[in-house]
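Step one of this worksheet: look at the structure below.
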Amino acid sequence: MKPAQSPFRSCLKLPVLVGGGAATSCALLTRLAVGGPLSVVHKLDAYLLLPPLWLMSLLWLASFALLGGAAGYLWSHPTGGLEGEARLWRGGTFMVLAVVFSLVWYTLLFGKLYLLISWFCLLPAVAAALACAYAWWWIGKGAAALCVAFGLWQICLFFLQLAALLHA
């Protein structure tokens, strides 16, 4: 008799690692190209409004890793016919849009210091993450939950930036 595998171990497969690694690489490359958030926090004098930057950076990277890993997981499992495939691709499109809008937000805020324009980039990131969650709900509830978590993180960033905008 084979010993039972833990659910965590069965999830950690190559597509999950590739998806999570790809999304995290996009975030890291954007951060390397644009620079860190420290100078903008200095300019806005927003130390009292924000959690520690190391925590914000860790959560930001983790959100990309989890969302990409969820996509990799779904792509490696059967989806249940043509309707499932359509939901998979629709959700994948919304996932890519959520990632792109989040990266554009980072670039506009920390690279160009466009406070208001970057703030508005968070709204489509939230909408795309929630649309992704809706599409993926029918084929993978765990992946959909990670999309919702990504959307909630974008909402947190939205309100943190709003506080910084009002403080400035």
Side-chain angles (χ1 to χ4, degrees), residues 2 4-35 37 55-112 114 116-162:
K2 274 171 65 172
Q5 271 190 329
S6 73
F8 179 73
R9 185 171 179 160
S10 66
C11 286
L12 262 171
K13 296 188 176 172
L14 185 61
V16 174
L17 297 175
V18 169
T24 305
S25 296
C26 289
L28 284 172
L29 289 173
T30 300
R31 183 166 177 158
L32 286 173
V34 171
L55 179 62
M56 295 286 291
S57 297
L58 183 66
L59 290 172
W60 188 69
L61 285 174
S63 70
F64 284 96
L66 292 173
L67 191 60
Y73 179 79
L74 285 182
W75 254 277
S76 67
H77 283 75
T79 56
L82 290 176
E83 185 177 333
E85 286 291 318
R87 289 181 189 278
L88 176 68
W89 285 99
R90 189 175 310 120
T93 302
F94 284 121
M95 185 217 65
V96 168
L97 286 173
V99 167
V100 166
F101 276 112
S102 185
L103 294 176
V104 168
W105 164 79
Y106 188 92
T107 303
L108 290 175
L109 179 62
F110 297 116
K112 302 290 184 184
Y114 293 157
L116 193 58
I117 296 171
S118 66
W119 184 59
F120 282 115
C121 281
L122 291 170
L123 293 175
V126 170
L130 295 179
C132 176
Y134 180 74
W136 283 353
W137 178 260
W138 310 104
I139 56 175
K141 292 184 180 21
L146 290 174
C147 290
V148 170
F150 187 87
L152 290 174
W153 171 242
Q154 300 302 308
I155 290 171
C156 289
L157 293 174
F158 180 85
F159 284 112
L160 286 172
Q161 188 168 346
L162 177 63

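Since this is a predicted model, take the numbers as computed values, not measurements.
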Sequence neighbours excluded, which residues qualify as side chain to side chain contact (heavy atoms under 4.5 Å, CB included) partners of E85?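 By the side chain to side chain contact (heavy atoms under 4.5 Å, CB included) rule, E85 matches T79, L88, W89.
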For the residue pair [X] and [Y], what are the closest heavy atoms and their distance?
X    : Y    : result
S102 : W60  : OG-NE1, 3.8 Å
A128 : A98  : CB-N, 3.6 Å
G91  : C132 : O-SG, 3.2 Å
V148 : A133 : CG2-CB, 3.6 Å
A135 : R87  : O-CB, 3.5 Å

Does [X] have more than 12 heavy atoms from other residues, nucleotides or ligands lying within 6.0 Å of its [atom1]?
X    : atom1 : result
L82  : CG    : no
K112 : NZ    : no
W75  : CH2   : yes

Passes ring pair (Phe, Tyr, Trp, His ring centres under 6.0 Å), F101 versus W105? Steps please. CA-CA 6 Å; F101 276 112; W105 164 79; over 10 Å; no
With sequence neighbours left out, what residues match R31 under salt bridge (charged side-chain N to carboxylate O under 4.0 Å, His left out)?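 Once residues adjacent in sequence are excluded, R31 has no partner under the salt bridge (charged side-chain N to carboxylate O under 4.0 Å, His left out) criterion.
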Geometric class of the Y106/F110 ring pair [parallel <30°, tilted 30-60°, perpendicular >60°]: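 Ring orientation of F110 relative to Y106: tilted.
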Between T30 (side chain only) and C26 (backbone N and O only), is there a donor and an acceptor less than 3.5 Å apart?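 Indeed, once roles are kept as given, a pair shorter than 3.5 Å links the two residues.
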Give a yes or no answer on whether the side chain of T24 reaches the backbone of G21 with a donor-acceptor pair at less than 3.5 Å.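 Checked: no pair found.
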